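A short write-up of the structure that comes next.
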There are 2 protein chains.
Amino acid sequence: MLHKLYIYEVKYSDYKHVLKKHNLRVTDCRIDVLERFYSKKHALSMKVIETELEGYDRVTLYRTINSFIDKGVLHRIPDESGSASYGICAETCTAEKHSHNHVHFKCSRCGQIDCLSSYSVPVVDLPGYEISDSNLIINGVCKSCNHAN
Amino acid sequence: MLHKLYIYEVKYSDYKHVLKKHNLRVTDCRIDVLERFYSKKHALSMKVIETELEGYDRVTLYRTINSFIDKGVLHRIPDESGSASYGICAETCTAEKHSHNHVHFKCSRCGQIDCLSSYSVPVVDLPGYEISDSNLIINGVCKSCNHAN
DNA sequence: ACAGTTTATGCAACATTATTTCAAAAACTA
DNA sequence: TAGTTTTTGAAATAATGTTGCATAAACTGT
């Protein structure tokens with residue numbers, strides 16, 4: 001993975017810091033997974049992660065994702081398709097409490113899921129129900145696919 | 001399945017009508033699956049369907065659910081847990097276009113997912129994006145679990 | 001910088017969830 | 001009711017996710 005040396009010079013300490021902040025040991029796999037998430041702005045599916053990080057065992061990648069979710073680094077984005085996608089958590093997420101109030105947009109053309117962090121999920125008042133959190137996924141055609149058309 | 005005869009006297013023709021309306025052949029399996037969905041008000045997961053309709057092959061049940069989704073009889077409800085659930089579509093859904101604008105509520109205590117058909121998903125204005133439909137899943141404690149407490 | 005401790009990794013096996021193929025059976029059509 | 005089309009069940013396969021365990025790597029305190 002020599003071709004990544006330059007990137008690492010710049011960002012390695014940042015990723016390291018993110019891991020430490022969330023009480024995670026600093027390992028090659030975790031750094032590489034983090035790098036993938038920070039370098040793309042959109043959510044990544046397990047399939048994509050497996051494809052892009054072939055060097056690591058599938059099991060290790062699953063465990064990496066799961067510990068990231070446990071510790072508040074990533075959040076799982078449910079998807080009708082079955083296989084979930086994952087997105088970077090806001091600064092505020094910790095192992096104790098995830099708080100994601102942003103909207104997710106899934107493009108039916110390119111298939112990508114964006115975290116629209118500047119749009120928060122509208123509150124619905126449900127008498128009798130006790131709401132802990134909510135998840136809004138909007139389907140349609142994303143900005144770039146719309147432009148490309 | 002003799003114990004179902006009474007129900008069938010009352011409802012069989014209704015289910016048959018639903019199938020015909022959606023261009024689906026009338027088969028035992030489809031009738032039984034429909035009956036399950038109409039007799040419970042909440043969404044059903046594949047696991048529950050398999051358990052409650054043991055008489056049919058798992059493959060047949062998968063195919064039944066998939067053709068129901070294709071033809072606009074059921075809609076898939078994404079869920080963080082991985083295994084999806086399914087709910088009855090509104091009268092307006094067809095093979096060409098599903099339109100679900102209602103809120104889904106998942107209870108963290110009993111695990112059930114309700115289709116709150118009287119609550120519609122608030123519209124979010126996303127400049128540049130072309131929205132086809134949206135999906136709001138609210139997590140928390142449902143009415144009955146709240147009361148039972 | 002090192003020895004001891006804790007945690008992560010890779011591998012193999014396993015578990016769960018979903019799809020494909022194909023012959024036989026059932027549903028439809030006229 | 002005969003002919004056509006679709007559905008079903010069974011077996012195989014694929015895709016997705018988890019567990020146990022020995023080894024390797026990361027951390028901790030000195």
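Not measured: the values here are computed from a predicted model. We name chains A, B, ... by the order of the sequence lines, and we start the count at 1 in each one.
In terms of phosphate contacts, A/N66 brings a side-chain nitrogen or oxygen within less than 4.0 Å of OP1 or OP2 of D/dT18. Taking 4.0 angstrom as the limit, A/R25 places none of its side-chain polar atoms (N or O) nearer than this to OP1 or OP2 of D/dA25. Phosphate proximity of D/dG17 to A/Y62: present, with a side-chain N or O under 4.0 Å from OP1 or OP2. For the pair B/T27 and D/dT8, the criterion of a side-chain N or O lying under 4.0 Å from OP1 or OP2 is met.
One can place NE2 of B/H22 at 19 Å from P of D/dT6, the figure rounded to the nearest angstrom. Between B/Y56 atom OH and C/dA18 atom P the separation is 21 Å, expressed in whole Å. Rounded to whole angstrom, the span from the CD atom of B/E50 across to the P atom of C/dT17 amounts to 8 Å. Regarding B/I65, its CD1 atom lies at a distance of 15 Å from the C1' atom of D/dT8, rounded to whole Å. Straight-line distance from the CG atom of A/D57 to the P atom of D/dG20: 17 Å, rounded to whole Å. Atom pair A/D28:CG and D/dA26:P shows a separation of 6 Å (rounding to whole Å applied). The nearest whole Å value for the distance from the CG atom in B/L19 to the P atom in C/dA27 is 12 Å. When rounded to the nearest whole Å, the span between OH of A/Y86 and C1' of D/dG17 equals 9 Å.
Contact of A/R76 with D/dG17 (side chain to base): no donor-acceptor pair of N or O atoms is detected under 3.5 Å. Contact annotation: side chain of A/R58 to base of C/dG10, donor-acceptor pair absent below 3.5 Å.
Checking side-chain atoms of A/S132 against main-chain N and O of B/N139 turns up a donor-acceptor pair under 3.5 Å. No donor-acceptor pair closer than 3.5 Å links the side chain of B/R76 to the backbone N or O of B/I69.
For B/K47, counting side-chain heavy atoms from C-beta on, the closest listed nucleotide (D/dA10, C/dT17, C/dG10) is C/dT17. Comparing atom distances between the B/R63 side chain and each of C/dT9, C/dA18, D/dA10 picks out D/dA10 as nearest.
Going from atom NE2 of A/H102 over to atom CG of A/D114 covers 10.0 Å, rounded to the nearest 0.5 Å.
In this structure, B/N23 reaches neither bases nor backbone, as no heavy-atom distance under 4.0 Å exists between it and the strands shown.
Looking at which nucleotide of DNA chain D each of A/V26 and B/T64 is closest to, the 5′-most match is held by B/T64. Both A/S67 and A/V59 lie close to DNA chain C; mapped to their nearest nucleotides by heavy-atom distance, the more 5′-ward contact belongs to A/S67.
Using a 4.0 Å cut-off between a side-chain N of Lys or Arg and a carboxylate O of Asp or Glu, B/E52 and B/K40 qualify as a salt bridge.
Closest non-hydrogen pair, B/G111 versus B/K106, comes out as O-CE, 4.0 Å.
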